[in-house]
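A, B, ... follow the sequence lines: proteins, then strands. Residue 1 opens every chain.
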Amino acid sequence: MKFSVMFLKTMKEDPRDAEVASHRLMLRAGMIKKLASGIYSWLPYGLLALKKVEKIIREEMNASGAQEVLMPGVQPCEIWQESGRWNVYGKELLRFKDRKNADFCLGPTHEEVITDMVRSELNSYKDLPVTLYQIQAKFRDEIRPRFGVMRAREFMMKDAYSFDKDDESAEKSYEAQYRAYEKIFERCGLRFKAVEADSGPIGGNFSHEFMVLADTGEDLILSCSECNYAANVEKAEIRKQEKALPVKATGGSPEKVHTPDIRTVEEVCEFLGIEPSSLVKTMIYNTDKGIVAALIRGDHEVNEAKLRRSLGVESLELADEEMIAKATGAPRGFAGPVGLNIRIVRDISLDDGPYVTGANEQDYHVKDVWLSRDTRIEKSDDIRNALPGDDCPRCPGKLEAIRGIEVGHVFKLGTKYSKTMHADFLDEKGELKPMIMGCYGIGVSRVVAAAIEQNHDGDGIIFPLPIAPFAVIVLPLDSRNEEVASTANNIYMELKKTGLDVLIDDRDLRPGFKFKDADLIGVPYRITIGSKGLAEGLIEIRERATGNVTKICPADALKTITDMLKGKGIIIDSKN
RNA sequence: CGGGGCGUGGCGCAGUCUGGCUAGCGCACCUGCCUUGGGAGCAGGGGGUCGGAGGUUCAAAUCCUCUCGCCCCGACCA
């Protein structure tokens with residue numbers, strides 16, 4: 001490609017509303033253009049990267065045995081009503097009406113469509129297993145889109161769905177996708193980690209997220225320093241060591257202290273001159289099985305997913321002021337476990353005492369509370385978010401915190417959709433059974449952003465070679481110098497013949513300008529050709545990532561480049 | 001949805017508080033000269049109903065009311 005004719009305008013200055021590096025650089029490098037909040041056009045340079053990622057995904061999905069389909073983005077409400085999600089999906093589902101006033105939505109995901117498609121086509125155990133996938137635009141009306149295409153409302157997604165006759169087979173399908181994902185992200189040249197994830201209240205029973213590691217990632221991951229355990233903070237377990245509840249209470253009964261308008265952990269600690277860890281927070285939750293209290297140390301956070309599982313409830317939300325008053329007899333900020341007559345769950349990390357807690361009375365807290373002596377606790381469980389330094393649940397190691405960007409998610413769905421939507425088949429015994437499903441997503445556009453987030457410096461993008469729009473940029477310093485131009489052009493033509501994606505900066509610009517652009521758009525290798533170098537019979541190859549420069553004679557350009565690129569994940573036809 | 005901020009040429013901004021000649025600057029763009037190893041220089045030039053609507057005023061980018069859009073923080077969230 002000739003730079004002079006390419007639809008690509010770089011920007012010298014940072015766009016005002018771009019915060020994170022990938023967003024800033026994608027705009028500056030002319031990869032994307034915003035049309036509306038969270039809605040972007042992909043310009044030629046950006047699309048080249050997106051297509052490279054798509055190609056890798058296609059190859060690995062096909063290799064895993066999955067078959068590509070293409071489903072509509074516009075979906076009728078009927079299938080969503082059938083699955084039960086029309087009423088639960090919420091505002092993220094963009095709904096609209098057609099001219100006949102019928103309800104439709106723009107698909108945020110395709111479980112309904114694929115299940116509908118499969119149920120009429122597959123009827124026998126002999127038809128299974130099947131895994132289908134597509135690469136297509138999704139629409140989710142995010143409350144707050146941000147970071148460019150990282151969290152966009154319309155985005156490219158690869159979604160796959162597996163259908164199996166039994167758990168054993170479903171396990172294999174899941175494994176196959178998990179392996180395919182590892183290969184995909186490896187081939188994209190990304191540093192990533194597969195972590196255990198929470199599958200939510202109505203999802204399946206097991207899931208993994210694939211995280212691209214980057215300090216600016218939105219997700220917090222806890223990873224063991226010793227073994228390979230890693231999990232999203234939503235899911236991360238803490239080694240359960242039941243702290244005995246010894247009767248070691250000292251002193252008299254709990255002592256009430258006047259704490260006028262002192263509510264938050266911070267306020268109480270400051271007022272009483274204590275540390276948050278010597279305070280018990282009493283969080284009141286409303287669930288489908290009634291109101292409950294969760295006790296947790298002042299410096300910890302309740303993990304609602306864990307609490308939900310521990311309580312065995314479907315829904316769970318923080319109680320409002322009115323419910324708190326009803327349950328505790330006091331406004332928010334003064335709840336405590338002493339004398340509380342609702343279900344109480346205690347976090348396993350709590351000691352027995354002495355603790356400060358709310359007094360269930362406005363403007364009062366109590367000191368010297370010993371949990372075993374002074375409260376009636378139903379159970380003790382792991383209900384808090386893990387923190388760096390916590391014990392690994394699998395080995396004697398400690399957990400560390402790292403940040404990541406979720407680019408893929410593999411899920412065991414079970415029979416959630418096949419049951420409600422009657423995707424059944426006849427098994428060997430002639431029995432009608434629901435298919436076991438799995439679903440597997442990759443945020444294709446997010447992979448591009450994440451790659452840049454992980455690979456950039458002060459000068460711009462440093463594309464991993466396999467997803468770089470161009471592997472090499474040929475840069476004649478003075479396009480008007482006959483020898484420079486023809487040498488550059490010859491090398492360009494030679495490289496192109498090998499099937500490499502090559503860009504030649506044939507623009508009539510000063511060298512500094514071209515260097516800056518080449519760095520900004522992140523081409524992995526730059527071949528610089530100038531009259532001074534040619535006078536000594538030399539040109540140079542510079543690696544974007546390292547800045548390493550190799551001086552060679554023009555005739556060796558092809559061989560040197562192909563040697564450099566060998567084994568780095570791209571295909572070169574070096575016979576030419 | 002709550003809090004904060006911002007809408008002035010393609011991009012980044014000044015001007016708004018304190019209304020007043022033709023709305024300005026840098027980058028980008030066009031023409032010419034000059035220049036070619038890290039975003040050069042000189043000269044000339046094109047492009048903006050100042051987000052929109054209404055109002056106040058002799059006069060509005062500037063003041064008032066309404067409205068739309070965008071960004072950040074938070075809440076929310078399969």
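- A:S162 places a side-chain N or O within donor-acceptor distance of the main-chain N or O of A:G438, the cut-off being under 3.5 Å.
- The aromatic rings of A:H409 and A:F411 sit tilted relative to each other, their planes meeting at an angle between 30° and 60°.
- Across A:E111, A:E82, A:R85, a single residue satisfies side-chain hydrogen bond (donor to acceptor under 3.5 Å, both in side chains) together with A:Y417, and that is A:R85.
- Residue order along RNA chain B, read from the 5' end via each residue's closest nucleotide, puts A:S479 first among A:D517 and A:S479.
- Using cut-offs of 30° and 60° on the angle between ring planes, the pair A:Y440 and A:Y174 is tilted.
- Under the Watson-Crick and G-U wobble criteria, each requiring two contacts below 3.5 Å, nucleotide B:G69 is paired to B:C6.
- Within residues 148-159 of chain A, no residue has any heavy atom under 4.0 Å from RNA chain B.
- Atom C1' of B:G32 sits at a distance of 39 Å from the matching atom of B:G20, rounded to the whole Å.
- Separating the C1' atom of B:C34 from that of B:A40 is a span of 10 Å, rounded to the nearest Å.
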Ring pair (Phe, Tyr, Trp, His ring centres under 6.0 Å) between A:F210 and A:Y178, intermediate numbers included: CA-CA 9 Å; A:F210 286 79; A:Y178 186 103; 5.2 Å; yes
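- The base of B:G38 lies close enough to the side chain of A:R526 for a donor and an acceptor atom to sit less than 3.5 Å apart.
- For the pair A:Y40 OH and B:C70 P, the computed distance is 10 Å after rounding to whole Å.
- Counting non-hydrogen atoms under 4.0 angstrom, A:R542 reaches a base of the nucleic acid.
- Pairing of B:G74, defined by two Watson-Crick or G-U wobble distances under 3.5 Å, is identified with B:C1.
- Nucleic acid contact class of A:G530 (heavy atoms, under 4.0 Å, all strands): base.
- For the P atom pair drawn from B:G51 and B:C70, the interatomic distance equals 16 Å after rounding to whole Å.
- As judged by a 4.0 angstrom heavy-atom cut-off over every strand, A:K514 is placed among residues making no nucleic acid contact.
- Between B:G69 and B:U31, the two C1' atoms lie 38 Å apart (nearest whole Å).
- As rounded to the nearest Å, B:C21 and B:G41 have P atoms that lie 32 Å from one another.
- Comparing B:C72, B:G38, B:C70 by their closest approach to the side chain of A:D17 singles out B:C70.
- Taking atom P in both B:A60 and B:G54, the straight-line distance is 13 Å, to the nearest Å.
- Residue-level contact check: A:E19 touches the backbone only, with heavy atoms under 4.0 Å from sugar-phosphate atoms and none from bases.
- Of the possible donor and acceptor atoms, one in the side chain of A:R446 sits under 3.5 Å from a partner among the backbone N and O of A:E406.
- Side-chain proximity of A:R144 to B:C70, B:A75, B:G38: nearest is B:A75.
- Using a 4.0 Å heavy-atom cutoff across all strands shown, A:R146 reaches sugar-phosphate atoms only and no base atom.
- Nucleotide B:U35 forms no Watson-Crick or G-U wobble pair with any nucleotide shown, as no partner meets the under 3.5 Å limit on both distances.
- B:G15 and B:G19: their C1' atoms are spaced 12 Å apart (whole Å).
- At B:C71, one or more side-chain N or O atoms of A:K34 fall inside 4.0 Å of OP1 or OP2 (strictly under the cut-off).
- Remark: P of B:A78 and CG of A:L413 are 16 Å apart, rounded to the nearest angstrom.
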Give the B/S/- string for nucleotides 24-35 of chain B, one per nucleotide from 5' to 3', where a protein heavy atom under 4.0 Å of the base yields B, of only the sugar-phosphate yields S, and otherwise -. --BS-------B
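- B:G48 is unpaired under the criterion used here, namely a Watson-Crick or G-U wobble arrangement in which both key atom distances are under 3.5 Å.
- No side-chain donor from either of A:H300 and A:K281 sits under 3.5 Å from a side-chain acceptor of the other.
- Both A:E304 and A:R16 sit near RNA chain B, but only A:R16 has its closest nucleotide nearer the 5' end.
- We find that CG of A:D14 is positioned 14 Å from P of B:C11, with the value rounded to whole Å.
- On the C1' atoms, B:G38 is 47 Å away from B:C77, given to the nearest whole Å.
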